[in-house]
Amino acid sequence: MTAIEYTGQPGSPVHDFIRAHREKLRTVLGERGAILLRGFEVGGVDGFDAVVRAFSGSAPLTYAERSSPRSTIKGQVYTSTDYPADEEIFLHNENSYQAVWPNTLYFHCMEPAHTRGATPLADIREVHRAVDPAVREEFARRGGWRVVRNFHADFGVPWQETFGTRDRDAVVEYCLEKGITAEWRADGGLRTTAVRPAVRTHPVSGEEVWFNHATFWHITSLAPEVGEGLREIFPDEDLPTNTYFGDGGPIPDRTVAHLRDAYRSATTRFDWRRDDVLIVDNMLAAHGREPFTGPRKIAVAMAELSAGPAAATG
């Protein structure tokens, strides 16, 4: 997937361009999955927030049910995932493990990396087509995919940060509403389990898309030394995150390797420039992050909450 690029004249406000061409831009986004606005004047974090409001017609969403470390820049504008610069972040669709998710993602390049650091994109319609039909059928037959998350008291993102509260009863209530099983551990930790479809239907185009975190959160998708290190610390059932078929059975490593290949075969990239704005249809394009050197600061916002379970196909 290649983002469709629109280039502005130096100093021209991006908000004026969006307001003048909003209907066309939204049509293009729904067809191609990603738009790159380059060369416009954005106006910093406040201007980026205004981009979201101009294009989506609503305020940015709060980052709920967090899965990765992020820092708030201002309001509902966040840093991209705060992982070490030398690590790849594999392709994924934002919050596809949740009962509902943002339909539209926004990225703003405040400071490009010195080398690499792209946000690669993959058309997940192409990913769906690249997945072996027998693999798709097995996920459907076995109830989709399952994610198990273990929140340990002294390791990883704490449950208090993920759920935005220290109230255990509030966490349980949230989980019940979102189709998540919550199990409190004797050591004060928390295990959550959710089963979701592997395939969804795009709400506008009606196309089937491979929309899940089954690959991203599988233990074998981590760098080998990281996965091996985690398995030295935890038994598989206590790993911070791992994925399974919906019925709880293990997903064979070769199947996950095939899925990773399907994502990579559909991937394109571009180098960030300062003040670039990337708008992504979260149900058409997966995104990731290359390793990088240098400062690299990318602001992120999300908008337009999905309809959720009604979009499932199997």
Side-chain angles (χ1 to χ4, degrees), residues 1 65-70 80-98 101 105 116-124 126-128 130-132 135-136 138-139 142 144-152 155-157 162 191-200 209-246 248-269 282 285-292:
M1 167 177 288
E65 204 178 319
R66 300 186 178 202
S67 64
S68 58
R70 297 180 190 265
S80 56
T81 301
D82 296 329
Y83 279 168
D86 61 349
E87 293 184 14
E88 176 193 33
I89 299 176
F90 193 74
L91 293 147
H92 59 285
N93 298 90
E94 198 67 33
N95 294 2
S96 67
Y97 55 91
Q98 295 189 18
W101 53 85
L105 310 179
R116 301 189 70 194
T119 298
L121 300 172
D123 187 326
I124 57 170
E126 292 185 18
V127 175
H128 181 268
V131 174
D132 187 321
V135 171
R136 296 200 304 262
E138 184 166 17
F139 273 93
R142 301 183 67 174
W145 69 287
R146 175 184 300 241
V147 57
V148 177
R149 302 179 68 183
N150 286 288
F151 299 90
H152 298 283
F155 190 95
V157 179
T162 292
R191 174 179 292 161
T192 64
T193 304
V195 178
R196 310 294 189 199
V199 175
R200 301 275 186 175
V209 293
W210 186 255
F211 187 80
N212 58 72
H213 262 55
T215 307
F216 181 77
W217 266 346
H218 195 270
I219 184 65
T220 64
S221 291
L222 294 170
E225 63 274 14
V226 176
E228 291 166 7
L230 286 172
R231 277 178 154 158
E232 288 178 2
I233 300 171
F234 304 109
D236 275 13
E237 63 270 20
D238 288 338
L239 288 167
T241 55
N242 202 8
T243 61
Y244 307 84
F245 287 114
I251 305 172
D253 291 357
R254 65 181 181 278
T255 298
V256 185
H258 166 66
L259 294 174
R260 284 194 295 269
D261 288 343
Y263 280 99
R264 293 196 190 281
S265 70
T267 298
T268 61
R269 68 176 302 284
N282 189 37
H287 66 279
R289 191 203 72 184
E290 293 178 347
F292 64 93

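Smallest separation of non-hydrogen atoms from Tyr263 and Ala286: CE2-CB, 4.2 Å. Nearest approach of Ala122 to Val127, heavy atoms of both residues: CB-CG2, 4.4 Å.
From Ile251, atom CD1 reaches atom OG1 of Thr243 across 4.0 Å, with rounding to the nearest 0.5 Å. One distance of note links OG1 of Thr255 with NE2 of His258; it measures 8.0 Å at 0.5 Å rounding. The distance from atom OG1 of Thr193 to atom OH of Tyr244, rounded to the nearest 0.5 Å, is 9.0 Å. The structure places CG of Asn95 at 7.5 Å from CG of Asn282, a figure rounded to the nearest 0.5 Å. Here the CG-CG distance, from Asn93 to Asn212, works out to 8.0 Å after rounding to the nearest 0.5 Å. For the atom pair Leu230 CG and Glu225 CD, the distance stands at 10.5 Å (nearest 0.5 Å).
Checked against a 6.0 Å centroid threshold, the rings of Phe234 and Phe155 count as neighbours.
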>> Please evaluate residues Arg200 and Val209 with respect to the criterion side-chain contact (heavy atoms from CB on, under 4.5 Å), reporting the C-alpha separation (whole Å), side-chain torsions for both, the decisive distance (0.1 Å), and the verdict.
In response: CA-CA 5 Å; Arg200 301 275 186 175; Val209 293; 4.2 Å; yes
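When side chains are defined from C-beta on, Thr241 does not count as touching Phe216, because their heavy atoms never get closer than 4.5 Å. Counting heavy atoms from C-beta on, the side chains of Phe139 and Leu259 come closer than 4.5 Å. Counting heavy atoms from C-beta on, the side chains of Val147 and Arg196 never come closer than 4.5 Å. Counting heavy atoms from C-beta on, the side chains of Val195 and Trp145 never come closer than 4.5 Å. Side-chain contact check for Ile219 versus Asn242: some heavy-atom pair is nearer than 4.5 Å. Using a 4.5 Å heavy-atom threshold, the side chains of Phe245 and Pro252 count as touching.
Listed by chain and residue number, Glu228 satisfy the side-chain contact (heavy atoms from CB on, under 4.5 Å) test with Pro224 (two or more places apart in sequence, or in another chain). Residues passing the side-chain hydrogen bond (donor to acceptor under 3.5 Å, both in side chains) test with Thr220 are His218, Arg260, sequence neighbours excluded. For Thr119, the side-chain hydrogen bond (donor to acceptor under 3.5 Å, both in side chains) partners are Trp272, Arg296, not counting sequence neighbours. Applying the salt bridge (Lys or Arg N to Asp or Glu O under 4.0 Å) rule to Asp238 yields the partners Arg185, Arg191; only residues at least two apart in sequence or on another chain are considered. Qualifying side-chain hydrogen bond (donor to acceptor under 3.5 Å, both in side chains) partners for Glu138, counting only residues two or more places apart in sequence or in other chains: Arg142. Residues that satisfy the side-chain hydrogen bond (donor to acceptor under 3.5 Å, both in side chains) test with Arg269, not counting sequence neighbours, are Asp271, Glu290.
Proximity of a side-chain donor or acceptor of Arg264 to a complementary backbone N or O of Leu91 within less than 3.5 Å is not detected. Formation of a donor-acceptor pair under 3.5 Å by the Arg289 side chain with backbone atoms of Ser80 is not found in this model. A donor-acceptor contact shorter than 3.5 Å links the side chain of Asn150 to the backbone of Glu237.
Using cut-offs of 30° and 60° for the angle between ring planes, the His213 and His92 rings count as perpendicular. Ring pair Phe211/Trp101 is tilted by interplanar angle, where 30° to 60° counts as tilted.
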